[in-house]
There are 2 protein chains.
Amino acid sequence: MATIGQIAAELGISKSTVSRALRGLPGVSQDLIDEVKAVAERMGYVPSAAAAGLTTGRNYAVGVVVPALTRWFYSEVVSGVDRALAAAGYDVVLYDMDRNHDVGTRAFARSLLRKRVDALIVVATVFTEHELAEFDALEMPVIAVGPSAPQFRTIGVDDHAIMAAAMEHMLGLGHRQLGYVGGYDEESLSLASAADREHTFMKTALAAGALVQPEWMLAGGYKQGAAMRATRELFSRDSWPTGLVCASDEMAMGAICAIHAAGKRVPEDVSVIGIDGHEYGADYELTTMAQNPQAQGEWAARQVVAEIEGATPVQEFEPAPFTLIQRGSTAAPGR
Amino acid sequence: MATIGQIAAELGISKSTVSRALRGLPGVSQDLIDEVKAVAERMGYVPSAAAAGLTTGRNYAVGVVVPALTRWFYSEVVSGVDRALAAAGYDVVLYDMDRNHDVGTRAFARSLLRKRVDALIVVATVFTEHELAEFDALEMPVIAVGPSAPQFRTIGVDDHAIMAAAMEHMLGLGHRQLGYVGGYDEESLSLASAADREHTFMKTALAAGALVQPEWMLAGGYKQGAAMRATRELFSRDSWPTGLVCASDEMAMGAICAIHAAGKRVPEDVSVIGIDGHEYGADYELTTMAQNPQAQGEWAARQVVAEIEGATPVQEFEPAPFTLIQRGSTAAPGR
DNA sequence: GAGCCTAACGCAACCGTTTGCGTTGGTCGA
DNA sequence: TCGACCAACGCAAACGGTTGCGTTAGGCTC
């Protein structure tokens, strides 16, 4: 509860000296520094970010905009952002859009319009022209995580490439009858990722001469439960693919559950591959093309801090790495 | 980028009048109000929360401390907190402990020590005596979500009661051979919830004369994958229970998957009940004792805002409601 | 028409820190 | 011995709002 002024009065010195001593700036003798710090500790001094920010113009806080915090990918990204930002001494101010697609009324109506943050990290969000103009007006660094956003520096996986790699694995194993579990997550604010993955699946499958029935294209909404339902229905019919390519690990695990429920075996009867690198995948013996959302969040956080501290922003797409984790859910087709 | 002073200069009036006009305070004619607002809009005025907070002492922000943002329960709570806080005009400053059990070095080293937030919401976290003393020193409202914390106003489900209710359902169906999927989540900062649920399971089962083999007590770590593994192992043996009580829905869904993989049927061969009310439960036909973490978060947020705005804090436990959602995963035992 | 009231606005101090610049006293080199 | 120089510290003006109080002018009452 004590202020710098009170510490100064207590010691009979000036506020400026206290301020410098506390921050380790030159111009204060070591003896005085020790003394000031001791008194500050004793008086329970707590610096005011508001007051400091007033003069310096820096808040040591960055805003994080996320479509729906409860979804796996987004929470992983935020977790990574938080970790890296904490290490750099910054706070994270959270904006969960939470099914509210109107970015403008949410994010802007709140602390963006109150100069509370030094920068912004937006996760998998698309913006209108108007909103982009507002961003410009705010004149703060903006970094995007997810599908490439041409307006900002973006980090994310190349959805075409990661799907192509997954297909390469399946086709390499000999699968030529492929199903797809994908669809669109209505809570996401960007459909680009889902569209790209589905597109590349189709293109790659057809190029390899694989058989893809229209009824093998399943809409799982990027959710485990929905994927399980859809897959269960697929295997209640009289024809099914030898391999199932899932646009996310959550859906893949749902699919595996449905396949078991249908009395079939993985991978003997049907192979399953996912995309994401979900924590639970190991227990499900799930083969997957793993990306690392936390690392992407950390990268974005470091980048944003660098820009705040003067680095010149580069406006290009930073492709996040992905790697095949081969486990027990994929094998050569049995028949 | 404009300030109040610049607006005042532009109009040839005083800063105080601009301030009052912008906030709709009395003492300004309607004509002037309109004029000020128009000029503010035109000049792209953005209020500074730091400057306002300096004089008022209010930040319109509350800190949220969470053990691990990526876990279902916590992300749901935070989502609810964010929604309610946004509605009240407050920002949320996030502190993800993220496997870092040392609350002191994380939360306190950051903006708590910089007076950035008006209050604190702590989710399922235990504190040391020292940390509690620090909280007291900060003199700000603190609300807890999760297991009852005697030091704070707490909202959460009564873990004994919710497990007892789940057991009542299973015992009522006639199950007398019960397995348990629980264990401890090593990422949680509080073991009380898991311990209470397991304790009540045991007590209730024994009181009803149910058979519980030691090897039917499964350690799922509150995670879906681990629960699946443990359950798979259980059903690879030669004796198994007729009903499986799971301490969380995630584990229950993992268990269902394992049961299917073992070639058994739900609920014909084994009934499964979960606790939580997870979104995916419906697709899994999962019977569950549903709680509502988002609603708990919202309640905590509203409570904290009330206390910030002067309400006298009441230091008692607020039991969160729960309700049985009966679906297809439970039935009377077949044999 | 004098006195009073009130709406509408200005003045200036204040919130807690930071920072450029001015002021000391002492050390050092020539 | 005398500037020169520097380390160590103080002064005071910002930063951008908020707020208590003072002032003014017009309208009202009796």
Side-chain angles (χ1 to χ4, degrees), chain A residues 1-37 39-40 43-61 89 111-118 138-139 309, chain B residues 1-37 39-40 43-61 89 111-118 138-140:
Chain A
M1 284 295 295
T3 74
I4 276 196
Q6 295 176 28
I7 297 179
E10 175 83 11
L11 282 164
I13 61 179
S14 75
K15 295 194 303 177
S16 47
T17 302
V18 174
S19 177
R20 282 188 258 263
L22 253 20
R23 287 178 302 151
L25 262 46
V28 184
S29 69
Q30 188 58 48
D31 287 355
L32 228 197
I33 290 181
D34 295 341
E35 214 169 338
V36 167
K37 287 191 173 174
V39 172
M43 296 178 71
Y45 171 69
V46 175
S48 161
L54 233 200
T55 57
T56 62
R58 294 266 293 272
N59 300 86
Y60 287 96
S111 63
L112 289 195
L113 287 186
R114 299 154 86 185
K115 303 189 177 170
R116 184 163 292 173
V117 297
D118 299 322
L138 288 175
E139 292 175 351
E309 294 176 352
Chain B
M1 285 297 294
T3 73
I4 276 197
Q6 295 176 28
I7 297 178
E10 175 83 10
L11 283 164
I13 61 178
S14 74
K15 294 195 306 176
S16 48
T17 302
V18 175
S19 176
R20 283 187 259 261
L22 255 19
R23 289 178 301 153
L25 263 44
V28 185
S29 68
Q30 189 58 48
D31 289 353
L32 228 197
I33 290 181
D34 296 340
E35 214 168 338
V36 167
K37 287 190 173 175
V39 173
M43 297 179 70
Y45 170 69
V46 174
S48 160
L54 235 200
T55 56
T56 61
R58 295 266 293 270
N59 300 85
Y60 288 97
S111 64
L112 288 196
L113 288 186
R114 299 155 84 186
K115 303 187 176 171
R116 184 162 292 172
V117 298
D118 299 324
L138 288 175
E139 292 176 349
M140 55 172 75

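Since the model is a prediction, treat every value here as computed from it, not as a measurement. The chains referred to below are lettered A, B, ... by the order of the sequence lines, with proteins before strands, and numbering in each begins at 1. What's counted below: heavy atoms across the whole structure, side chains too, no hydrogens, waters or symmetry copies.
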- Message: Counting C-beta onward and ignoring hydrogens, is there a side-chain heavy-atom pair between B:Y45 and B:I4 closer than 4.5 Å?
- Response: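 B:Y45 reaches B:I4 side chain to side chain.
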
Expressed in angstrom and rounded to an integer, what is the separation of [X] atom [atom1] from [N] atom [atom2]?
X	N	atom1	atom2	result
A:I7	D:dC9	CD1	P	16 Å
B:R58	C:dC15	CZ	P	18 Å
A:R116	D:dG16	CZ	P	17 Å
A:D31	D:dA8	CG	P	10 Å
A:Y60	C:dT17	OH	P	15 Å
A:K115	D:dG17	NZ	C1'	11 Å
A:I33	D:dA7	CD1	P	14 Å
B:I4	D:dG16	CD1	P	11 Å

- So which one's nearest nucleotide on DNA chain D is more toward 5', A:G12 or A:T55?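 Its nearest nucleotide being more 5', the pick is A:G12.
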
- Query: A:K15 or B:T56: which one's nearest nucleotide on DNA chain D is closer to the 5' end?
  - Reply: A:K15

- Between B:L54 and B:S29, just flag the one whose closest nucleotide in DNA chain C comes earlier from the 5' side. B:S29

- Which pair of heavy atoms, one from A:R116 and one from A:A61, lies closest together, and at what distance? O-CB, 3.9 Å

- N/O (side chain, B:T17) to phosphate O (OP1/OP2, C:dG10) under 4.0 Å: yes

- Using a cut-off of strictly less than 4.0 Å, decide whether B:S14 has a side-chain nitrogen or oxygen near OP1 or OP2 of C:dG10. yes

- Item | side chain to side chain donor-acceptor pair (under 3.5 Å) partners of B:T55, counting only residues at least two apart |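 For B:T55 there are no side chain to side chain donor-acceptor pair (under 3.5 Å) partners, ignoring immediate neighbours.
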
- Task: List in chain and number order the residues that pass side chain to side chain donor-acceptor pair (under 3.5 Å) with B:E10, two or more places apart in sequence or in another chain; answer none if no residue qualifies.
- Result: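 With sequence neighbours excluded, B:E10 shows a side chain to side chain donor-acceptor pair (under 3.5 Å) to no residue whatsoever.
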
- Between the two ends of the helix from C:dG1-D:dC30 to C:dA30-D:dT1, what is the bend in degrees, rounded to 10 degrees, where each end axis spans five pairs? 40°

- Ignoring hydrogens and angles, answer whether the base of C:dC15 and the side-chain atoms of A:T3 contain a donor-acceptor pair closer than 3.5 Å.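 Checked by distance alone, the answer is no.
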
- Could you tell me which residues satisfy salt bridge (charged side-chain N to carboxylate O under 4.0 Å, His left out) with B:R58, sequence neighbours excluded, listed by chain and number? B:E309

- Query: Can you list, by residue number, the residues of residues 18-25 of chain B that have a non-hydrogen atom closer than 4.0 angstrom to DNA chain C?
  - Reply: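 Output list: B:R20.
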
- Query: Of all residues at least two apart in sequence or in a different chain, which pass the side-chain contact (heavy atoms from CB on, under 4.5 Å) check with A:A51?
  - Reply: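 Per chain and number, A:A51 pairs via side-chain contact (heavy atoms from CB on, under 4.5 Å) with A:S48, B:L54.
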
- Look at the side chain of B:T56 and the backbone N and O of B:A52, then say whether any donor-acceptor pair between them is shorter than 3.5 Å. yes

- Message: Determine whether A:V36 and A:I13 satisfy the following criterion, side chain to side chain contact (heavy atoms under 4.5 Å, CB included), listing intermediate values before the conclusion.
- Response: CA-CA 10 Å; A:V36 167; A:I13 61 179; 4.0 Å; yes

- CD1 on B:I33 to CG on B:L25, rounded to 0.5 Å: 9.0 Å

